[in-house]
Amino acid sequence: MSDFPSSYDPKLVEDSIYNMWEESGLFNPDTVKGSGDRVQGIGPTSFSVVLPPPNVTGTLHLGHATMLAIEDIMVRYHRMKGDDTVWVPGTDHAAIATQNVVEKKLWKEEKKTRHDLGREKFLKKVDEFVKASKDTIHRQMRKMGASLDWSREAYTLDAPRERAVRTAFKMMYDDELIYRGHRIVNWCTRCQSTLADDEVSYKEEKTKFYYLKYGPVVIGTARPETKFLDKVIIVHPKDKRYESMVGTSFDVEWIDGTVKATVVADESAEMEMGSGAMTITPAHSFTDFALAQKYGFEIHQIINEKGVLTDAAGDMAGMPVAQAREKVIERLQAKGLVDHIDENYVHNLSVCYRCDTPVEPLVSQQWFINVNKNVEVRSRKLEKIVGKKQASLKEMAAAVVRNGAIKIIPKRFDKTYFHWMDNLRDWCISRQIWFGHRIPVWYCHAKEARIQNLESRRKQKGLNSKFKILDSEIGCKPIVSIDTPDGCPSCGNSQLEQDPDTLDTWFSSGLWTFSTLGWPQSVNREQATGNSDLKRFHPTSVLETGYDILFFWVARMILMTTYVLGEVPFETVYLHGLVRDEQGRKMSKSLGNAIDPLIVSEKYGTDAVRLALVVGTTPGNDLKLSEKKIEGYRNFVNKLWNVARYVSSQGPGSRVQGSDIDDSTLYPRRPLDPLSPPERYSISHERPGRISVEPGRRNLKGIYLGRSRRLVRRRLKAPSAKRKAKRIDNAYLIPNTLYHTQTVASVYAVCDRGDLQQDKRDK
């Protein structure tokens, strides 16, 4: 007892315990004896989880800590059951976020931009930052006690993931799902890149709303600076006020002179809103762009990628948006074309989710995924779920949730998922940044080489030069390839230029469950051979993550996996809530209410932090957390330590017994599972708090804890004792939540009567 401290000091044991766990090799299912084998014709069930990869841009926060704790509980529970269990770790390159961090760092330290360095040197700077950041994240995950299989660690930008990304891109391009075209996109003028629809955030803003006289109608807009070349008036087909005007054209005095306006009837106009008439700006509104495509209207870009007006604005070209807005209104007021202004208009301003800069919808040439085009369903199993042999990406992704192939917990998020999927537009996957997966497309610009090659081939065929070389023969098609091509297959030119854009981060992370398990080396479960990870562990069992990335990531994983593999990426989606402060506010640096999980782990121990995050939380609901709650669980952990200290005092090699527990109660006479022989254990005095298990005894702790729990509940009768039994039961429901798991079995075995009698006296 003298060498067993009277209170639990996590700093003395946590790191050594984790090192012991990791060195044992038990996190790796390949090294666990019997894992994956068949015993008496019955194979163990596989249980697999891929870690939602933290961004390589900083430190772990409480959301990560919650995710790690919940997943660790699931994984340890299934290991204890004897399941073939894997938990795959990894990190996300987080393209835009990481590039922004490094650019700010570069400017702060060297007063240089990425353009000063050039692409190659800048990417070396990013790689240096990523390496240091990954090392920090690894230490933090270990500190949180996560029993990850580090031998299978992945990174969304490493070589295996690069090959997976290129393979998936080529598959989709060959199936004509990926195309390049001019379409309207969300553009961040600060990041100088496109954004996906769900990467656009919204914040409420009070601004002015302008009612303007446009010929015979009054139109309303919050952005008059985009209206220079509005030439179409849209009215509802059933609006009697404008029935005689539909199809007519007339001159209208406008911002920069006179324009010819045409009236078109379309059901997109809302008769009850304002005057019931609207003009359209196709280059700067998703709705108006769709109308322009529908009717073949001209599309003129008024605002460019830098957020300033183009030549289409006449003498206002080059002005920033805010300045141009004032000038436009001044000019319209001088012409008497301002009807009135609402000074208290409130609307949701769309902003970049990374830098909070207002987003500009504009037309740009980008790469897209067609989510509505039908393709072959890749497996019979998925065919049955979808109900047909050909389906769109949206249809497949919706069907697997609707028909129960994927279960979302809590179920109320099904409705949210379907709403997002039903309204999904073609996915813009190209980004105008340097850090990320480069788009695997190369271009050949050797026009003269192409002409010479054609003439040479014609001479070989005995043709003379009187045959004209057509322009269609000169232009070489883009080269889409998994491997970097040596030359152009059309003309033989070796001077090729790769597309400068990178892929949306969510494209690579959408392949996460199967790219981390060996794809594309293993094509699918049917073709995978031997004991490959893809055959052994895919589909994964559970995806555990926050509900706030249901659209960002979860839906895209389902979209990509059903297409590429013809199966679901996971069987269950378990969504945890956000961690808020004790007042229910979102934690942030500006409010000063953020709790750093690493700091409180140092102060109170990782056991206390993990327990505070998981006890009392329910799926899909936010959790209120304070340091006081963490401190309370630190005290609880200390009680467990004292229990183990008491057990240790009973003498080396002794059977752990309560004062009235006998073998017949402890070991009920019932047949045991072949994997679960009778339990025998002893307390080790060489390493206080550890329970030694006889060699070859598998599944000991899970069965023993279960029996001890039932025993304790039967033994405790007093009201206070019932409360203690409830606490013990709660702890049972989260086996191995505690970092110092060696003490846990003692909690259930040692419920001495003296302690219970004291509870009665206290009552």
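Computed from heavy atoms alone, side chains included, the values below leave out hydrogens, waters and symmetry copies. Only a predicted model underlies this, so the values are computations on that prediction, with no experimental measurement involved.
Residues Pro54 and Leu60 are in side-chain contact: their nearest non-hydrogen atoms beyond the backbone lie under 4.5 Å apart. Counting only heavy atoms from C-beta outward, the side chains of Leu51 and Thr91 never approach each other to under 4.5 Å. With contacts defined as side-chain heavy-atom distances shorter than 4.5 Å, the pair Pro5/Trp641 qualifies. At a threshold of 4.5 Å between non-hydrogen side-chain atoms, the residues Leu349 and Val351 count as touching. Between Leu157 and Phe435, some side-chain heavy-atom pair lies under the 4.5 Å cut-off. Residues Phe570 and Ser541 form no side-chain contact, since every pair of their non-hydrogen atoms from C-beta on lies 4.5 Å or further apart. In this structure, Val401 and Ile558 have side chains that are in contact, with non-hydrogen atoms separated by less than 4.5 Å. Val126 is not listed as a side-chain neighbour of Gln99, based on a closest heavy-atom distance of 4.5 Å or more.
In terms of heavy-atom proximity, Thr194 sits nearest to Cys428 at OG1-SG, 3.9 Å. Across Ile70 and His576, no two heavy atoms sit closer than the pair CD1-CB, 4.0 Å. In terms of heavy-atom proximity, Pro597 sits nearest to Ala65 at CB-CB, 4.0 Å. The minimum heavy-atom distance linking Val359 with Cys352 is given by the pair CG2-N, 3.4 Å. Cys191 and Asn100 make their closest contact through SG-ND2, 3.8 Å (heavy atoms, listed as atom of the first residue, atom of the second, distance). Summarising the geometry of Arg79 relative to Ser147, their closest heavy-atom pair is NH2-O, 2.7 Å, with the distance given to 0.1 Å.
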Side chain to side chain contact (heavy atoms under 4.5 Å, CB included) for Val88 and Trp512? Distances and angles first, verdict last. CA-CA 10 Å; Val88 180; Trp512 191 237; 5.8 Å; no
- request: Please test Lys603 against Glu627 for salt bridge (Lys or Arg N to Asp or Glu O under 4.0 Å), starting from the C-alpha separation and ending with a verdict.
  value: CA-CA 10 Å; Lys603 187 174 181 181; Glu627 276 204 37; 3.2 Å; yes
Report the C-alpha separation of Lys143 and Glu602 in whole Å, then their side-chain angles, then the decisive distance to 0.1 Å, and conclude whether the salt bridge (Lys or Arg N to Asp or Glu O under 4.0 Å) test is met. CA-CA 9 Å; Lys143 181 63 180 173; Glu602 285 291 324; 3.7 Å; yes
From CA spacing to verdict: side chain to side chain contact (heavy atoms under 4.5 Å, CB included), Asp548, Leu578: CA-CA 8 Å; Asp548 53 329; Leu578 303 179; 3.9 Å; yes
Next item on the list: Carefully, step by step, assess Asp127 and Lys131 under the rule salt bridge (Lys or Arg N to Asp or Glu O under 4.0 Å).
Entry: CA-CA 6 Å; Asp127 289 340; Lys131 186 179 185 303; over 6 Å; no
Working note: Asp158 + Arg161, criterion salt bridge (Lys or Arg N to Asp or Glu O under 4.0 Å); need CA distance, chi angles, decisive distance, verdict. CA-CA 6 Å; Asp158 61 19; Arg161 263 45 65 182; 2.8 Å; yes
Handout entry: Residues Ile406, Thr572; criterion side chain to side chain contact (heavy atoms under 4.5 Å, CB included); working and verdict
Key = CA-CA 5 Å; Ile406 295 176; Thr572 302; over 6 Å; no
**OP:** Output, in order, the C-alpha distance, side-chain angles, deciding distance and verdict of side chain to side chain contact (heavy atoms under 4.5 Å, CB included) for Glu544 and Glu71.
**Re:** CA-CA 7 Å; Glu544 196 287 328; Glu71 291 182 23; 3.4 Å; yes
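Counting only distance, with no hydrogens or angles, the side chain of Thr98 and the backbone of Ala95 share no donor-acceptor pair below 3.5 Å. Formation of a donor-acceptor pair under 3.5 Å by the Thr31 side chain with backbone atoms of Gly25 is found in this model. Although no hydrogens or angles enter the test, the distance criterion places no donor-acceptor pair under 3.5 Å between the side chain of Glu582 and the main chain of Leu625. Judged by distance alone, the side chain of Ser193 and the main-chain N or O of Gln432 form a donor-acceptor pair under 3.5 Å. Using a distance-only test at 3.5 Å, with no hydrogens or angles considered, no donor-acceptor pair links the side chain of Thr617 to the main chain of Val614. In this structure, the side chain of Asp581 engages the main chain of Gly584 through a donor-acceptor pair within 3.5 Å. Of the possible donor and acceptor atoms, one in the side chain of Arg610 sits under 3.5 Å from a partner among the backbone N and O of Met144. Arg556 contributes a side-chain N or O that, together with a main-chain N or O of Phe552, makes up a donor-acceptor pair within less than 3.5 Å.
Asn28 and Arg152 are linked by a side-chain donor-acceptor pair at a separation below 3.5 angstrom, with hydrogens and angles left out of the test. Looking only at atom types and distance, the side chain of Asp72 has no donor-acceptor partner in the side chain of Tyr77 under 3.5 Å away. Side-chain contact of His138 with Glu153: a donor-acceptor pair under 3.5 Å is present, judged by distance alone. Between the side chains of Arg76 and Thr85, not a single donor N or O lies within less than 3.5 Å of an accepting N or O.
Residues satisfying the ring-ring contact (aromatic ring centres under 6.0 Å, His included) test with His78, not counting sequence neighbours, are Phe47. Listed by chain and residue number, Tyr18 satisfy the ring-ring contact (aromatic ring centres under 6.0 Å, His included) test with Phe27 (two or more places apart in sequence, or in another chain). In this view, Trp434 and His115, Phe122 satisfy the ring-ring contact (aromatic ring centres under 6.0 Å, His included) rule, not counting sequence neighbours. Listed by chain and number, the residues in a side-chain contact (heavy atoms from CB on, under 4.5 Å) with Thr561 are Thr513, Phe514, His538, Leu565, Pro569 (sequence neighbours excluded). Scored by the ring-ring contact (aromatic ring centres under 6.0 Å, His included) test, His419 finds no partners at all (sequence neighbours excluded).
Between Asn19 atom CG and Glu14 atom CD the span is 11.5 Å, to the nearest 0.5 Å. With rounding to the nearest 0.5 angstrom, the OG1 atom of Thr113 is 11.0 Å from the CD atom of Glu110. One finds the CG atom of Leu195 at 12.0 Å from the CD atom of Glu360 (value rounded to the nearest 0.5 Å). Here NZ of Lys203 is found 10.0 Å from NE2 of His347. Values are rounded to the nearest 0.5 Å. From Ser7, atom OG reaches atom NZ of Lys639 across 14.5 Å, with rounding to the nearest 0.5 Å. For the atom pair Ile408 CD1 and Phe413 CZ, the distance stands at 9.0 Å (nearest 0.5 Å).
Sparse packing is recorded around NZ of Lys125, with 12 or fewer heavy atoms of other residues, nucleotides or ligands lying under 6.0 Å away.
We find that Glu128 and Lys124 are not joined by a salt bridge, their nearest charged nitrogen and carboxylate oxygen being 4.0 Å or further apart. Electrostatic pairing of Glu631 and Lys628 does not count as a salt bridge here, judged by no charged N lying under 4.0 Å from a carboxylate O.
Under the 30°/60° scheme for interplanar angles, the aromatic rings of His93 and Tyr155 are found to stand perpendicular.
Both tests pass for Arg142 against the ring of Trp150: distance under 6.0 Å to the centre and angle within 45° of the axis. A cation-pi arrangement is absent between Arg431 and Trp506, since the terminal nitrogen or guanidinium carbon is not both under 6.0 Å from the aromatic centre and inside a 45° cone about the axis.
Evaluation of the salt bridge (charged side-chain N to carboxylate O under 4.0 Å, His left out) test over residues 85-104, restricted to residues two or more places apart or in two chains, returns Glu103-Arg114.
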